[in-house]
Amino acid sequence: MKTKLCFFIFLVSNIVISQGPSNLIASNYSENKTNTFFKPSAKPLIEANGFDFELLDAGVNSEFSEIGSGFFRNKLIMVSSKKIGGFAKIDRNTGEAFKELFCLDIDRNGALSSPMLFSRILNTNDSEDQLTFSPDQKTVYYTRSKAENSLEFKLYKGILEENSHGNWINNELLSINKDHVSIETPYVNHAGDKLYFSANFPDAIGGFDLYVSDIYADGSLGTPVNLGSSVNTSSDDKYPSLSMDDKYLYFSSKGHENLGGYDLFVSKISKNGYKTPRNLGNTINTSYDEIAYFLAAKDKGYVSSNRPNGKGRYDIYTAVNDEVIQTLEGKILDLETKIKLPNTVVILKDEDGEELAKITTGEDATYKFNVVPFENYILSTHKDGFKDASVDFLANRGVKTTYNKNLELLTTEPVIAKVEDEMRIVLENIYFDFNKYSVKEESTISLNKVVKVLKDNPEMTLAINAHTDNKGKDSYNLNLSNKRAASAVKYLIKNGISKDRLQSKGYGESKPLIDCKNNCSEEDLQANRRVEFVILEE
């Protein structure tokens, strides 16, 4: 009979995986819930670790092995020993038929169906295994082993012929292959410039290590680089894949702290290399093997496992991670007085210093960010009149939680400088409530700097000049500015400065710092609303 080939295009980007209880495969493990997938062992207790997966039978499993291998034209490509047609040739190393590549339809709920042979060209009488595609899907990197040595895979590359329906041409064995070395589980990053894979090169730390090669413009590969001892172990490490933004490496390992067999791990890729991997936890890992984890969306994808109660040696499951929401919040305060500090810019950065989010505090001086379990962060602050500050933060819990962290800032020293031909005490802005003349609490910190300068210089006299923006009537603004200047003087007198050393005057809107007339931005208006401290000559 004729074998159908897979060339149709279906949408996977909007995949929503059903979570109905009738076909639930695994759920959260707790002391009050029996988890049949765990064998008694001396392994360390590994809990959810900040993940909350639900697994569902993907709907395509059979008595044979089925293992996912990424996506092509919005179909899932599968490696399977299932045989279509006549009698299967049995691989004596596995006891199953030699593997072939299949493609699967994906419905809107993530269920798989209609397995068809992927390609007459890539599928041969030998054993095909994992493959991966360039972002434009015009180049394929695939692995194949010969029947006489079915456990040693070699890495090949093919090109999709222009305007063809799956005709892969220029197939070649790549130069990174070595005698007696098996290269397996390739994965191209989303940027298309790196190929990750597993191999048992002589320099491997364990049996199989993870490596990465640069992909050059012609599709050839650079010298493989071992990912190092933070990722690789003395056991086998295989099946690399990446998050949608290429910032996280997922892989399967028999090493690290695991529940047994192959467990799934994640390592953040930072500027300084690969961070210590974190086990994806007991809502997806078992004491059996979990491999080939591929994301279809941020928190949705597929995983293969040989856990009990499956249909074949390996089965494919849809995997949905119910994101564990955590928040980091707190207040920005003056270190000395503990006064709240509105108008503070607070920036959340990752450990490499890349900005993730930014806010400016309001009247309550609070900030709030979403964070990810077990990630390292940097909180940076900027506010006029205060020293810029940075503090490290670790989200050190694995469950839904709120971290509270107040940040206390140090004031800067006042500066005496010449501005517009006059000597001034140069300060950050003095704030007043809208249309009011009482000094806001946060600005008393700034006025305290003026008190200090005057006490350190007992002969100094000051003119306190207040200015408004150009909103409202001239007469109203002039009156308001006089009252604001007088309020500043009143505060200084209250704090021990003789009134004989102080003068005050309001200028209203008559001396704008930025002469924007009727086309003023909010920043322009803010700049024009100011108080100046002019040192008077004796």
Side-chain angles (χ1 to χ4, degrees), residues 339-345 360-363 365 382-386 411-412 414-454 457 460-538:
I339 289 174
K340 298 176 184 178
L341 299 178
N343 302 300
T344 303
V345 176
T360 300
T361 58
E363 291 301 312
H382 174 77
K383 179 174 173 60
D384 288 344
F386 291 81
T411 60
T412 56
V415 175
I416 297 177
K418 194 169 189 178
V419 181
E420 297 179 355
D421 297 324
E422 55 190 17
M423 297 301 295
R424 297 182 187 176
I425 302 175
V426 180
L427 291 176
E428 59 278 3
N429 213 345
I430 303 296
Y431 290 99
F432 302 86
D433 283 322
F434 179 69
N435 278 349
K436 294 183 179 179
Y437 54 84
S438 56
V439 176
K440 297 186 74 169
E441 185 181 40
E442 65 169 300
S443 288
T444 63
I445 301 168
S446 302
L447 290 175
N448 286 340
K449 296 179 185 181
V450 178
V451 171
K452 184 178 184 302
V453 172
L454 290 172
N457 299 273
M460 182 182 290
T461 57
L462 277 185
I464 294 92
N465 301 327
H467 305 265
T468 68
D469 58 37
N470 59 3
K471 287 187 172 181
K473 294 182 178 180
D474 292 1
S475 58
Y476 178 86
N477 286 334
L478 182 61
N479 183 49
L480 180 63
S481 63
N482 273 311
K483 289 181 177 180
R484 286 180 171 177
S487 288
V489 168
K490 183 178 179 180
Y491 183 88
L492 298 178
I493 293 171
K494 181 180 176 182
N495 284 272
I497 305 301
S498 171
K499 64 179 180 179
D500 296 334
R501 300 171 62 190
L502 305 171
Q503 299 177 15
S504 68
K505 185 173 182 178
Y507 289 87
E509 60 185 81
S510 64
K511 291 188 175 183
L513 191 64
I514 301 174
D515 192 11
C516 49
K517 297 183 172 55
N518 294 322
N519 191 29
C520 298
S521 67
E522 185 54 45
E523 290 76 15
D524 296 336
L525 297 172
Q526 180 62 53
N528 287 334
R529 297 191 293 264
R530 67 197 190 278
V531 177
E532 296 168 344
F533 299 88
V534 179
I535 300 172
L536 301 175
E537 295 182 2
E538 295 183 6

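What you see below is based on every heavy atom in this structure, not just the backbone, and it leaves out hydrogens, waters and symmetry mates.
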Checklist outcome for this item: Between Ser443 and Asn429, the two heavy atoms sitting closest are OG-O, 4.1 Å
Item to check | Min side-chain heavy-atom separation Lys499-Val489 under 4.5 Å | outcome: no
Next on the checklist: What I want to find out is whether Lys511 reaches Glu420 closely enough, with some N-O distance under 4.0 Å, to be called a salt bridge.
Outcome noted: no
Next on the checklist: Can you confirm whether Lys505 is buried at NZ, in the sense that more than 12 heavy atoms of other residues, nucleotides or ligands lie under 6.0 Å from that atom?
Outcome noted: no
Checklist entry - Hey, is the main chain of Thr411 close enough, under 3.5 Å, to the side chain of Lys449 for a donor-acceptor pair? => result no
Next on the checklist: Looking at every heavy atom in both Ala365 and Pro342, which two are closest together, and how far apart are they?
Outcome noted: CB-N, 4.0 Å
Checklist entry - What do the steps show when you test Phe533 against Ile416 for side-chain contact (heavy atoms from CB on, under 4.5 Å), and what is the final call? => result CA-CA 10 Å; Phe533 299 88; Ile416 297 177; over 6 Å; no
Next on the checklist: Walk me through whether Arg501 and Leu536 qualify under side-chain contact (heavy atoms from CB on, under 4.5 Å).
Outcome noted: CA-CA 9 Å; Arg501 300 171 62 190; Leu536 301 175; over 6 Å; no
Next on the checklist: Quick check: do Glu428 and Glu442 have side-chain heavy atoms less than 4.5 Å from each other?
Outcome noted: no
Item to check | Thr361 side chain to Leu341 backbone, donor-acceptor under 3.5 Å | outcome: yes
Checklist entry - Do the side chains of Leu513 and Arg530 get nearer than 4.5 Å, heavy atoms only? => result yes
Next on the checklist: With a 4.5 Å cut-off on side-chain heavy atoms, are Ile430 and Leu447 touching?
Outcome noted: yes
Item to check | Interatomic distance, Leu502 atom CG to Leu454 atom CG [nearest 0.5 angstrom] | outcome: 6.5 Å
Item to check | Polar side-chain atom of Asn343 near backbone of Thr360 as donor-acceptor pair, under 3.5 Å | outcome: no
Item to check | Pairwise distance CG(Asp384) to OG(Ser446) - rounded to 0.5 angstrom | outcome: 9.0 Å
Next on the checklist: Applying side-chain contact (heavy atoms from CB on, under 4.5 Å) to Asp515 and Asn528, what does each step give before you reach the verdict?
Outcome noted: CA-CA 9 Å; Asp515 192 11; Asn528 287 334; over 6 Å; no
Checklist entry - Just how far is it from atom OH of Tyr437 to atom CG of Asn479, taken to the nearest 0.5 Å? => result 9.0 Å
Checklist outcome for this item: What one should report as the nearest heavy-atom pair of Asn477 and Gly472 is ND2-O, 3.8 Å
Checklist entry - When rounded to the nearest 0.5 angstrom, what distance separates OG1 in Thr461 from CD1 in Ile535? => result 9.0 Å
Next on the checklist: Could you measure the distance from the CZ atom of Arg529 to the CG atom of Asp524? Nearest 0.5 Å is fine.
Outcome noted: 10.5 Å
Checklist outcome for this item: One should read off an interatomic distance between Glu509 CD and Leu478 CG, to the nearest 0.5 angstrom, of 9.5 Å
Next on the checklist: With heavy-atom distances below 4.5 Å as the criterion, would you say the side chains of Val450 and Pro414 are in contact?
Outcome noted: no
Checklist outcome for this item: Closest heavy-atom pair, Leu492 versus Ile464, reported as atoms and distance to 0.1 Å, is CD1-CD1, 4.2 Å
Next on the checklist: Can you confirm whether Lys340 is buried at NZ, in the sense that more than 12 heavy atoms of other residues, nucleotides or ligands lie under 6.0 Å from that atom?
Outcome noted: no
Next on the checklist: If you apply the rule side-chain contact (heavy atoms from CB on, under 4.5 Å), what do you find for Met423 with Met460, and how did you get there?
Outcome noted: CA-CA 11 Å; Met423 297 301 295; Met460 182 182 290; over 6 Å; no
Checklist entry - Do Asn470 and Cys520 come within less than 4.5 Å of each other through their side chains, counting heavy atoms only? => result yes
